[in-house]
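All remarks here apply to the structure that follows.
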Amino acid sequence: MPSLFASYLRVYEPLTAFDRDRQSYWRRYAKEGRDLGPIEGPVRQRTAVLEALGAGWTRLPDLPDEAYVLEWDNAILVCPWNLRLRVAEAALNARDGVPAVLADAFVPPILAGQAKAVVEDWRSGAKVLEQGVPRVHEQVSTWGVPLRWFAFVDLEEREFSFTARRRTLRYRTEISKARRRAHRAVSVLRKSLGDAPITEAVEDGTRWLEEFHPRSVVELDYGGLVNLLPEDRLAEDDSPGLVAAGLSALSRGDAESASEAYEKLVARWRAVQLLERCN
């Protein structure tokens with residue numbers, strides 16, 4: 001099964017961010033080598049969600065706790081998948097835009113009610129109070145990378161690898177650096193653009209980053225998108241640099257240079273988004 005054509009923004013937290021039981025579980029999980037890498041993981045997640053939704057459609061199943069594991073500065077960090085939440089969201093999404101009769105056939109009301117309760121529980125922050133962890137560690141975007149994500153990383157943090165069997169392109173940084181960049185971006189955008197959609201989007205991302213442990217690591221992973229782009233374009237990718245240049249231009253009041261950087265970014269990623277329509 002091929003990788004999904006999606007990009008991912010992940011946060012890996014140190015074990016000290018979790019309660020004692022979770023720390024023991026994740027430490028054992030990592031020691032036993034049960035984790036999958038970011039290339040195989042999305043396929044496992046999609047399979048788990050589809051199998052869960054196809055198993056009778058009467059209740060939300062109890063799914064095993066899975067996570068990506070990262071060794072950083074001699075410490076173990078984990079990015080939990082939150083599969084139960086993903087199944088709940090998928091169940092609700094399956095009902096969107098579908099006539100009530102068909103929606104009830106696909107996702108019975110009792111299952112929809114359970115799914116809604118799970119999603120609202122996480123969004124309300126109840127899990128944060130109960131378990132001491134944020135509601136979700138991974139954001140997913142299909143057929144592109146949200147431009148706001150590039151504000152959290154630096155061009156110098158790029159990691160890429162091309163082999164005959166697989167490609168990877170990602171950016172990794174300490175969350176403290178990602179937060180500083182995020183707050184600076186919000187400040188520049190608010191002064192220059194006010195309450196524009198891009199300002200609100202970056203603010204949402206900034207609040208999300210603030211939920212995590214201060215020794216966490218942020219990862220922007222191009223995921224399956226690397227299979228859509230030629231190798232030379234991936235090797236020359238400078239999207240974070242263009243965002244930084246655009247923000248710098250805005251802070252100087254140079255609207256022309258800021259627009260140039262923005263238009264270049266939009267054109268680059270629109271070309272990827274249009275591939276969704278290809279047969």
Side-chain angles (χ1 to χ4, degrees), residues 1-11 36-50 53 68 79 81-83 85-98 119 136-153 155 157-162 165-172 178 182 185 196-202 204-205 208-209 218-243 246 261-279:
M1 183 179 293
S3 297
L4 299 174
F5 296 132
S7 59
Y8 307 88
L9 186 65
R10 306 184 180 102
V11 173
L36 293 178
I39 293 179
E40 298 84 359
V43 177
R44 170 76 68 83
Q45 289 189 36
R46 180 174 59 173
T47 302
V49 170
L50 292 176
L53 289 178
Y68 296 115
C79 174
W81 290 2
N82 300 322
L83 284 175
L85 176 63
R86 294 190 182 280
V87 170
E89 291 177 332
L92 295 178
N93 290 338
R95 294 178 60 90
D96 288 345
V98 179
V119 173
V136 65
H137 289 69
E138 180 183 53
Q139 297 188 27
V140 183
S141 178
T142 57
W143 297 98
V145 180
L147 301 188
R148 62 185 181 275
W149 289 3
F150 294 120
F152 307 147
V153 297
L155 185 57
E157 294 161 344
R158 178 178 59 186
E159 301 176 10
F160 62 92
S161 174
F162 305 124
R165 296 188 61 185
R166 63 178 53 178
R167 300 174 171 185
T168 59
L169 196 160
R170 65 191 174 213
Y171 297 83
R172 283 177 175 167
I198 183 61
T199 305
E200 295 176 358
V202 177
D204 286 343
W208 180 70
L209 291 174
V218 177
E219 175 182 80
L220 196 172
D221 182 4
Y222 278 35
L225 299 182
V226 296
N227 298 316
L228 300 175
L229 300 170
E231 185 173 319
D232 57 341
R233 283 185 57 187
L234 291 171
E236 297 171 358
D237 177 74
D238 63 345
S239 295
L242 286 173
V243 168
Y262 177 74
E263 289 171 1
K264 187 179 295 185
L265 267 173
V266 170
R268 175 180 300 173
W269 290 102
R270 182 184 293 123
V272 176
Q273 292 169 349
L274 289 175
L275 293 175
E276 183 180 7
R277 304 181 183 180
C278 295
N279 187 335

For residues [X] and [Y], report the shortest heavy-atom separation together with the two atoms involved.
| X | Y | answer |
| --- | --- | --- |
| Val243 | Leu265 | CG2-CD1, 3.3 Å |
| Tyr68 | Pro38 | CE2-CA, 3.6 Å |
| Arg10 | Cys79 | CB-SG, 3.8 Å |
| Arg167 | Val226 | NH1-O, 2.9 Å |
| Trp269 | Gly144 | CE3-CA, 4.2 Å |
| Leu169 | Asp221 | O-OD1, 3.5 Å |

- request: Starting from the C-alpha separation in whole Å, work towards a yes-or-no answer on ring-ring contact (aromatic ring centres under 6.0 Å, His included) for Trp149 and Tyr222.
  value: CA-CA 11 Å; Trp149 289 3; Tyr222 278 35; 9.7 Å; no

message: Would you say that Glu159 contacts Glu219 through its side chain, given a criterion of any heavy-atom pair below 4.5 Å between the two side chains?
response: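 Glu159 vs Glu219: side chains apart.
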
Between the main-chain N or O of [Y] and the side-chain N or O of [X], is there a donor-acceptor pair closer than 3.5 Å?
| X | Y | result |
| --- | --- | --- |
| Arg158 | Asp237 | yes |
| Thr142 | Ala6 | no |
| Trp81 | Glu138 | no |

Nearest 0.5 angstrom please: [X] [atom1] to [Y] [atom2], how far?
| X | Y | atom1 | atom2 | result |
| --- | --- | --- | --- | --- |
| Leu242 | Leu147 | CG | CG | 10.0 Å |
| Lys264 | Ser239 | NZ | OG | 10.5 Å |
| Phe150 | Tyr171 | CZ | OH | 6.5 Å |
| Phe152 | Leu9 | CZ | CG | 6.5 Å |
| Leu36 | Gln45 | CG | CD | 9.5 Å |
| Ser141 | Leu220 | OG | CG | 10.0 Å |

task: Measure up the Trp143 and Phe5 rings against each other and bin them: parallel (under 30°), tilted (30 to 60°), perpendicular (over 60°).
output: tilted

query: Hey, is Arg172 close enough to Glu157 for a salt bridge, meaning N to O under 4.0 Å?
result: no

Ionic contact status for Asp238 with Arg268, cut-off 4.0 Å: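 Answer for the salt bridge query: yes.
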
message: Using side-chain contact (heavy atoms from CB on, under 4.5 Å), reason through Phe162 and Leu234 one step at a time and then give a plain yes or no.
response: CA-CA 10 Å; Phe162 305 124; Leu234 291 171; 3.6 Å; yes

